[in-house]
Novice: 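Below is a structure I'd like to ask you about.
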Amino acid sequence: MELNLERPLVFFDIESTGLNIASDSIIELCFVKIMPGGEQRVKTWRVKPWDYEARCQRAINPSAQAVHGISAEDLADCPTFYQITEEVVSWLEGSDLAGFNSAKFDLPMLAEEFERVCRYTDKKPELDLHAMKMVDVQNIFHMMEPRTLKAAYMFYCGLDLENAHAAEADTLATYEVLKGQLDRYAEDPRIENNVDKLARFSTKQRTVDYAGRLILNDKDEPVVSFGKHKGKTAREVYFSEPSYFAWIDNGDFTLDTKRQFAKLKAQYDEEKRAAKPAAPAKTAFAPRTKGYTPFEGLGDLFSNQED
């Protein structure tokens with residue numbers, strides 16, 4: 001079944017230097033962009049992982065290299081994410097997103113690269129990933145048939161996935177799996193050929209930041225999901241321990257998490273200022289006239305008092 005699209009849908013997959021979103025980087029990025037009508041466009045970048053603070057190429061974790069097989073030498077002449085930022089944005093603008101387990105890892109990692117460009121360079125890409133719908137094909141698969149991408153490809157497409165863990169192979173396979181899911185579950189009311197409904201169905205938890213440090217409760221209020229303030233709304237924490245927001249900003253958290261806390265702090269700061277009562281108006285005193293003394297006029301005052 002072909003996808004019923006009103007906007008382009010960008011399937012994507014990344015390979016990285018490791019699994020720590022705050023300290024690792026993208027080394028391979030693939031987009032498969034499906035246009036309304038079915039046209040398919042494919043773009044893959046090899047990316048030199050860049051440490052903006054140390055100003056050097058970031059090392060690849062050996063365990064990550066054992067999975068994707070990409071070495072530091074393979075990336076030495078590749079552009080950094082900073083250098084491909086405009087091209088990446090042009091592929092994403094006006095689109096929605098889809099991927100396999102991408103809501104948990106790939107999307108937060110992509111957001112972190114954009115945050116680094118904003119923080120450490122002169123570029124300010126105007127792209128709000130949080131505003132884009134995200135269809136996570138893995139979550140649909142796990143809700144219907146809990147397995148891996150390789151098994152999903154065999155289950156839904158009847159094919160063995162060759163060259164697994166290569167970004168392009170995984171991304172193209174994910175696209176085929178979603179179409180296979182729509183065919184297999186065509187009669188299931190939970191699965192509909194509609195990106196809005198697929199995004200809602202494949203989202204396990206509504207998060208404010210990609211790392212899930214802030215989640216939304218049933219009243220759409222941001223709630224802290226970890227540590228001593230777990231379960232409290234961000235608003236409660238702000239008014240009971242405002243220094244907590246500074247601790248987040250200085251802590252070992254992703255830049256996206258820090259940005260979302262900072263946005264909330266700015267909102268609460270403004271609300272606090274708006275609620276603060278206005279200072280009383282100062283009393284206007286008549287200017288002192290020439291020859292005036294502090295005791296002038298007291299004689300008349302006392303002369304009118306009874307003995």
Side-chain angles (χ1 to χ4, degrees), residues 1-5 9-16 18-21 24 28-32 34 63-64 67-68 95-112 129-130 132-218 223 225-226 254 256:
M1 181 184 294
E2 291 300 324
L3 300 181
N4 178 25
L5 301 177
L9 187 61
V10 177
F11 289 79
F12 74 107
D13 184 70
I14 69 170
E15 304 301 334
S16 64
L19 299 178
N20 188 321
I21 293 168
D24 282 303
E28 189 172 59
L29 172 64
C30 178
F31 288 162
V32 175
I34 311 302
S63 60
V67 173
H68 52 60
S95 303
D96 293 313
L97 299 169
F100 196 87
N101 194 31
S102 297
K104 183 178 180 181
F105 179 75
D106 300 72
L107 185 53
M109 181 66 84
L110 181 61
E112 193 71 0
L129 291 174
H130 286 277
M132 301 169 73
K133 296 180 180 67
M134 174 72 218
V135 179
D136 195 317
V137 176
Q138 185 194 58
N139 287 345
I140 296 176
F141 179 42
H142 284 181
M143 291 171 188
M144 310 302 287
E145 310 286 346
R147 300 211 184 129
T148 63
L149 175 58
K150 187 176 178 69
Y153 194 58
M154 174 60 72
F155 185 83
Y156 291 108
C157 306
L159 299 170
D160 188 31
L161 177 57
E162 298 180 2
N163 201 22
H165 297 297
E168 186 168 322
D170 287 356
T171 307
L172 289 167
T174 300
Y175 169 44
E176 296 299 330
V177 167
L178 179 56
K179 292 195 294 181
Q181 289 173 332
L182 292 172
D183 286 329
R184 179 172 288 269
Y185 307 119
E187 304 303 320
D188 192 314
R190 296 174 295 172
I191 302 291
E192 188 173 331
N193 194 349
N194 177 282
V195 169
D196 287 349
K197 294 181 179 180
L198 289 171
R200 287 197 294 270
F201 182 74
S202 64
T203 301
K204 292 182 178 179
Q205 189 177 55
R206 298 187 305 154
T207 62
V208 177
D209 64 318
Y210 291 124
R213 300 294 191 173
L214 285 167
I215 61 176
L216 294 175
N217 62 16
D218 55 5
V223 174
S225 67
F226 71 103
T254 67
D256 177 60

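Residue indices begin at 1 and follow the sequence shown. Basis for what follows: all heavy atoms, side chains included, without hydrogens, waters or symmetry-related copies.
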Novice: How long is the span from the CE atom in Met109 to the OG atom in Ser16, to the nearest 0.5 Å?
Specialist: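 Rounded to the nearest 0.5 Å, the CE-OG separation comes out at 4.5 Å.
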Novice: For Ile14, does its backbone N or O pair with a side-chain atom of Asp106 as donor and acceptor, under 3.5 Å?
Specialist: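 Between the backbone of Ile14 and the side chain of Asp106 there is a qualifying donor-acceptor contact (under 3.5 Å).
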Novice: Could you check if a side-chain atom of Val208 sits within less than 4.5 angstrom of a side-chain atom of Leu216, using non-hydrogen atoms only?
Specialist: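 A side-chain contact exists here, since the closest heavy-atom pair is under 4.5 Å.
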Novice: Applying ring-ring contact (aromatic ring centres under 6.0 Å, His included), can you list everything that pairs with Phe155, at least two apart in sequence or on another chain?
Specialist: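 Phe155: no ring-ring contact (aromatic ring centres under 6.0 Å, His included) contacts found.
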Novice: So do Val177 and Ile140 actually touch side chain to side chain, heavy atoms under 4.5 Å?
Specialist: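 No, their side chains stay 4.5 Å or more apart.
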Novice: Would you say the side-chain atoms of Tyr153 pair up with the backbone N or O of Asp170, donor to acceptor, closer than 3.5 Å?
Specialist: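 No; judged by distance alone, with no hydrogens or angles, the pair does not exist.
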Novice: Give the minimum heavy-atom separation between Ile21 and Thr254, together with the two atoms involved.
Specialist: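 Smallest heavy-atom distance, with atoms named: CG2-CG2, 3.8 Å.
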Novice: Got a second to check how far Glu112's CD is from Asn20's CG, nearest 0.5 Å?
Specialist: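 The CG atom of Asn20 is 9.0 Å from CD of Glu112, to the nearest 0.5 Å.
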Novice: Return each pair, listed once, that meets ring-ring contact (aromatic ring centres under 6.0 Å, His included) where at least one residue sits in residues 168-191; pairs must be two or more places apart or across chains.
Specialist: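 Qualifying pairs: Phe11-Tyr175, Tyr156-Tyr185.
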Novice: Does Ser225 have any side-chain contact (heavy atoms from CB on, under 4.5 Å) partners at least two apart in sequence or in another chain, and if so, which?
Specialist: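 By the side-chain contact (heavy atoms from CB on, under 4.5 Å) rule, Ser225 matches Ile215.
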Novice: Just by modelled atom types, is the Ala103 backbone N or O under 3.5 Å from a matching donor or acceptor in the Asp136 side chain?
Specialist: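 Yes, the answer is positive, given that a donor and an acceptor are paired below the 3.5 Å cut-off.
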Novice: Flag the pair Asp13 / Thr174 as yes when at least one side-chain heavy-atom distance between them is below 4.5 Å, and no otherwise.
Specialist: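 A side-chain contact under 4.5 Å is absent here.
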Novice: What's the shortest heavy-atom distance between Leu129 and Ala111, and which atoms?
Specialist: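 The pair with the smallest heavy-atom distance is CD1-CA, 3.7 Å.
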Novice: Mind checking the CZ-CG spacing from Phe100 to Leu149? Nearest 0.5 Å is all I need.
Specialist: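 It is 4.5 Å, given to the nearest 0.5 Å.
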Novice: Below 3.5 Å, can you tabulate the donor-acceptor pairs from side chains in residues 192-199 to any protein atom, sequence neighbours excluded?
Specialist:
residue	atom	partner	partner atom	Å
Glu192	OE1	Lys197	NZ	3.0
Glu192	OE2	Lys197	NZ	3.3
Asn193	OD1	Asn4	N	2.7
Asn193	ND2	Glu2	O	2.8
Asn194	OD1	Asp196	N	3.0
Asn194	OD1	Lys197	N	3.0
Asp196	OD1	Lys133	NZ	3.2

Novice: Roughly how far apart are His130 NE2 and Tyr210 OH, rounded to 0.5 Å?
Specialist: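 OH of Tyr210 is found 4.0 Å from NE2 of His130.
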Novice: Can you name the residues that form a ring-ring contact (aromatic ring centres under 6.0 Å, His included) with His165, not counting sequence neighbours?
Specialist: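 If we apply the ring-ring contact (aromatic ring centres under 6.0 Å, His included) test to His165, skipping adjacent residues, there are no hits.
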Novice: Verify, without hydrogens or angle tests, whether Asp96 (side chain) and Met132 (backbone) share a donor-acceptor contact under 3.5 angstrom.
Specialist: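 Checking the backbone N and O of Met132 against the side chain of Asp96, no donor-acceptor pair under 3.5 Å is found.
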Novice: Taking the side chain as every heavy atom from C-beta outward, state whether Leu3 and Leu182 have any atom pair closer than 4.5 Å.
Specialist: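 A side-chain contact under 4.5 Å exists here.
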Novice: Using modelled atom types and a 3.5 Å cut-off, is there a donor and acceptor pairing between side-chain atoms of Thr148 and backbone atoms of Ala151?
Specialist: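 Confirmed, Thr148 side chain pairs with Ala151 backbone.
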Novice: Find out whether Val137 and Gln181 are in side-chain contact, i.e. whether some heavy atom of one side chain is under 4.5 Å from a heavy atom of the other.
Specialist: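 In contact.
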Novice: Under the side-chain contact (heavy atoms from CB on, under 4.5 Å) test, which residues partner Leu19, sequence neighbours left out?
Specialist: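 Per chain and number, Leu19 pairs via side-chain contact (heavy atoms from CB on, under 4.5 Å) with Phe105.
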Novice: Over 60° means perpendicular and under 30° means parallel, so classify the ring planes of Phe31 and Phe12, tilted if in between.
Specialist: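 Perpendicular, since the angle between the ring planes exceeds 60°.
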Novice: Sequence neighbours excluded, which residues qualify as side-chain contact (heavy atoms from CB on, under 4.5 Å) partners of Ala186?
Specialist: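 Partners of Ala186 under the side-chain contact (heavy atoms from CB on, under 4.5 Å) test: Met1.
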Novice: Can you tell me how far the CE atom of Met144 sits from the CZ atom of Arg184, to the nearest 0.5 Å?
Specialist: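 If I round to the nearest 0.5 Å, the distance is 10.0 Å.
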Novice: What pairs with Arg206 under salt bridge (charged side-chain N to carboxylate O under 4.0 Å, His left out), at least two apart in sequence or on another chain?
Specialist: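 Scan of Arg206 (salt bridge (charged side-chain N to carboxylate O under 4.0 Å, His left out), adjacent residues dropped) gives Asp220.
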Novice: Which pair of heavy atoms, one from Ser102 and one from Pro108, lies closest together, and at what distance?
Specialist: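 In this case the closest contact between Ser102 and Pro108 is O-CD, 3.6 Å.
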Novice: Identify, with sequence neighbours excluded, every residue that meets salt bridge (charged side-chain N to carboxylate O under 4.0 Å, His left out) alongside Asp160.
Specialist: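 In terms of salt bridge (charged side-chain N to carboxylate O under 4.0 Å, His left out), with neighbours along the sequence ignored, Asp160 is linked to Lys150.
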Novice: Using the test salt bridge (charged side-chain N to carboxylate O under 4.0 Å, His left out), find all partners of Arg190 that sit at least two apart in sequence or belong to another chain.
Specialist: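 By the salt bridge (charged side-chain N to carboxylate O under 4.0 Å, His left out) rule, Arg190 matches Asp188.
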Novice: Is the side chain of Glu15 donor-acceptor paired with the backbone N or O of His68 at a distance under 3.5 Å, no angle test?
Specialist: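 No, the answer is negative, given that no donor and acceptor are paired below the 3.5 Å cut-off.
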Novice: Which residues pass the ring-ring contact (aromatic ring centres under 6.0 Å, His included) test with Phe201, not counting sequence neighbours?
Specialist: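 Scan of Phe201 (ring-ring contact (aromatic ring centres under 6.0 Å, His included), adjacent residues dropped) gives none.
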Novice: Asp24: which residues meet the salt bridge (charged side-chain N to carboxylate O under 4.0 Å, His left out) condition with it, sequence neighbours left out?
Specialist: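 Asp24: no salt bridge (charged side-chain N to carboxylate O under 4.0 Å, His left out) contacts found.
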